[in-house]
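Working notes, structure below.
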There are 2 protein chains.
Amino acid sequence: MSKKIYVHVADDHKIVIEGIIAVINTDDDIEVVDYSLTGTQVTKWFDNRKNKADVLVLDINIPELDGFEVVKHLRKKVNKPKIIIVSSYNDIRIVEEMLKLGCSGYITKNNAGAHIINAIKAVVQGEQYFSSDVQKDMLQKYVNKKEVPHGDAPESFLMETLTDREIEVLRLITQEHNTPEIADKLNVSVSTIETHRKSLLKKLKVKNAVGLAMYAIKYKII
Amino acid sequence: MSKKIYVHVADDHKIVIEGIIAVINTDDDIEVVDYSLTGTQVTKWFDNRKNKADVLVLDINIPELDGFEVVKHLRKKVNKPKIIIVSSYNDIRIVEEMLKLGCSGYITKNNAGAHIINAIKAVVQGEQYFSSDVQKDMLQKYVNKKEVPHGDAPESFLMETLTDREIEVLRLITQEHNTPEIADKLNVSVSTIETHRKSLLKKLKVKNAVGLAMYAIKYKII
DNA sequence: AGTGCAATCCCTGAAAACAGGGATGTAAAA
DNA sequence: TTTTACATCCCTGTTTTCAGGGATTGCACT
């Protein structure tokens with residue numbers, strides 16, 4: 001009846017991939033053609049013009065290139081796959097971010113099994129698909145939309161792009177280094193690192209170094 | 001030939017459970033009888049004397065009661081199952097801790113699929129089983145054993161028990177509160193919180209508040 | 001009755017973090 | 001070409017953290 005759907009799965013944990021494959025194999029219309037354990041594996045796979053898949057099932061938290069980077073890379077391509085994000089947790093700001101980047105679906109790992117097949121079938125039809133818990137949060141956000149302060153800065157703070165240097169400093173902060181140590185490691189003056197710290201505090205809207213560390217962990221900067 | 005082995009699987013992500021089941025189903029000697037998504041589900045299941053399983057495959061990071069609590073609960077029981085830990089990451093100190101608590105195996109999620117069946121068969125025979133990456137780390141640790149400073153304090157820092165108050169302070173630190181704010185919230189003097197902070201730094205062997213936050217996240221204090 | 005531990009409070013002094021400016025060179029983009 | 005963004009550096013001053021002591025109360029266990 002319908003043409004077979006080919007899927008590529010990317011997750012850093014093999015066991016999760018095996019779970020997804022096991023679920024997908026229960027449906028005869030869909031076939032997992034290959035999988036990747038890192039972000040660079042994904043991009044390389046799709047860069048090779050011999051390889052194609054209709055749908056990419058992608059975990060955000062994967063090594064080397066994270067989910068955001070992979071999506072940014074793939075969206076430039078001509079034969080780009082539909083992308084379904086499978087995430088451990090469910091932060092509405094990340095969902096929004098991924099939608100902006102052109103993803104077609106977002107489901108959480110909690111109930112990925114129940115949703116993955118429907119999600120794949122939906123996105124190849126050009127529809128968008130979200131798991132029930134994500135839908136709930138989106139609705140909640142929509143209802144509370146009146147609380148948005150003013151209309152000129154609609155971008156999520158995830159759009160707050162950190163510079164390479166800032167990310168480097170942030171990484172060293174999470175490794176318990178203080179300003180003099182970071183300055184030494186990067187061969188710049190203490191003043192410079194202090195400036196970077198101040199930018200980070202401002203951009204990420206946190207109060208102190210602990211806030212920076214928590215942010216870095218939550219959004220997988222490190 | 002050999003009697004069938006019954007297994008209970010616990011992980012907060014359904015898709016991981018599905019992956020483990022898919023792998024285990026390839027072997028006729030083993031059967032997954034049930035699964036749990038939270039720590040309390042696991043303990044309640046085993047508390048019910050109708051339910052029994054030879055092996056528990058357990059993720060450390062599960063809600064309500066974490067892996068440590070589950071193991072502590074189960075080891076008091078008479079018909080206790082062999083426990084195989086399946087962990088996202090591979091910290092040798094956690095492995096040691098789990099071994100002390102009486103677990104029989106430890107494998108990482110990276111290559112759980114390749115090891116899970118062998119691990120289950122090994123532990124029901126009374127053996128211990130570790131995945132290759134864990135083995136590597138254990139060997140490394142053993143080789144470097146000479147670096148242990150003195151023989152009177154062999155306990156891992158995970159045994160370093162934090163008091164209730166210290167955990168409370170630690171939690172507030174991870175919420176970006178500074179000392180005056182914490183003192184105010186807990187209705188004690190700033191000096192008191194400073195004392196707690198110093199104890200935390202010492203006990204957890206970290207350099208600063210960021211180190212405390214990273215510890216809290218890593219070991220799920222918060 | 002004595003020991004140990006948890007929780008509370010205080011002191012001093014040094015180091016680091018934070019707030020808020022300003023300033024410069026350079027490279028890329030408009 | 002002008003503007004913008006990035007990375008670098010400096011100054012002033014305040015607040016917070018950290019290091020190192022010491023001390024008291026109360027409670028639980030032996």
Side-chain angles (χ1 to χ4, degrees), chain A residues 68-69 72 76 152-153 155-217 221-222, chain B residues 149 152-217 221-222:
Chain A
F68 291 101
E69 297 305 317
K72 283 177 196 162
K76 297 172 201 156
D152 61 333
E155 41 220 341
S156 86
F157 75 98
L158 282 171
M159 276 279 81
E160 207 57 90
T161 48
L162 304 182
T163 67
D164 292 347
R165 212 50 164 170
E166 284 163 355
I167 289 174
E168 213 167 350
V169 171
L170 179 54
R171 196 175 50 80
L172 290 167
I173 288 174
T174 63
Q175 287 165 13
E176 292 177 46
H177 296 297
N178 61 25
T179 301
E181 286 167 357
I182 297 172
D184 191 57
K185 269 186 192 295
L186 301 183
N187 281 314
V188 293
S189 85
V190 169
S191 315
T192 304
I193 305 302
E194 278 175 343
T195 304
H196 289 317
R197 291 186 82 126
K198 279 183 279 190
S199 316
L200 284 166
L201 291 175
K202 198 167 190 176
K203 281 187 179 178
L204 305 184
K205 297 182 182 51
V206 296
K207 289 172 58 181
N208 51 34
V210 171
L212 296 179
M214 302 297 286
Y215 178 97
I217 290 169
I221 306 288
I222 52 161
Chain B
D152 61 334
E155 42 220 340
S156 87
F157 77 99
L158 282 170
M159 277 278 82
E160 210 53 273
T161 48
L162 304 183
T163 67
D164 293 347
R165 211 51 162 169
E166 283 163 356
I167 290 174
E168 214 166 349
V169 171
L170 178 55
R171 196 175 49 79
L172 290 167
I173 288 174
T174 63
Q175 287 164 14
E176 291 177 48
H177 296 298
N178 62 22
T179 302
E181 286 166 357
I182 297 172
D184 191 57
K185 270 188 192 293
L186 302 183
N187 281 313
V188 293
S189 85
V190 168
S191 315
T192 303
I193 305 303
E194 279 175 342
T195 304
H196 290 316
R197 290 186 83 125
K198 279 184 279 188
S199 316
L200 284 165
L201 291 174
K202 198 168 190 176
K203 281 186 180 179
L204 306 184
K205 297 183 181 52
V206 296
K207 288 173 59 182
N208 52 34
V210 170
L212 296 178
M214 302 298 286
Y215 178 96
I217 290 168
I221 306 287
I222 52 161

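Numbered from 1 within each chain, the chains take letters A, B, ... in sequence-line order. Remember, predicted model here, so these are calculated numbers, not experimental data.
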>> Distance under 4.0 Å to a non-hydrogen atom of chain A counts as contact; along DNA chain D, which nucleotides mark the start and end?
In response: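 With heavy atoms of chain A under 4.0 Å away, the range is D/dC6 to D/dC10.
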>> Contact list please: residues 191-200 of chain A against DNA chain D, heavy atoms, distance less than 4.0 Å, in numerical order.
In response: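 Heavy-atom cutoff 4.0 Å gives A/Ser191, A/Thr192, A/Thr195, A/His196.
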> Heavy atom of residues 175-184 of chain B under 4.0 Å from DNA chain D: which residues?
Replying inline: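 Heavy-atom contacts with DNA chain D come from B/Asn178, B/Thr179, B/Pro180.
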Output all residues satisfying side-chain contact (heavy atoms from CB on, under 4.5 Å) with [X], sequence neighbours left out; order by chain, then residue number.
{"X": "A/Thr192", "result": "A/Val188, A/Ser189, A/His196"}
{"X": "A/Glu176", "result": "B/Val206, B/Lys207, B/Asn208"}
{"X": "A/Lys198", "result": "none"}

>> So, using salt bridge (charged side-chain N to carboxylate O under 4.0 Å, His left out) as the criterion, who are the partners of B/Glu194 when residues are at least two apart?
In response: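 Checked B/Glu194 against salt bridge (charged side-chain N to carboxylate O under 4.0 Å, His left out); zero matches.
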>> Under the rule for salt bridge (charged side-chain N to carboxylate O under 4.0 Å, His left out), what residues qualify as partners of B/Arg197, not counting sequence neighbours?
In response: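 Residues passing salt bridge (charged side-chain N to carboxylate O under 4.0 Å, His left out) with B/Arg197: none at all.
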>> Let me spell it out: for each of B/Thr163 and B/Asn208, pick the nucleotide of DNA chain C with the closest heavy atom. Which residue's pick is nearer the 5' end?
In response: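 Looking at DNA chain C, the more 5' nearest nucleotide goes with B/Thr163.
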>> When the axes are fitted on five pairs at both termini, how much does the helix from C/dA1-D/dT30 to C/dA30-D/dT1 curve, in 10° steps?
In response: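 Inter-axis angle at the ends, rounded: 50°.
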My understanding is that only residues two or more places apart in sequence, or in another chain, count here; which of them pass side-chain hydrogen bond (donor to acceptor under 3.5 Å, both in side chains) with [X]?
{"X": "B/Ser199", "answer": "none"}
{"X": "A/Ser191", "answer": "none"}
{"X": "A/Thr195", "answer": "none"}

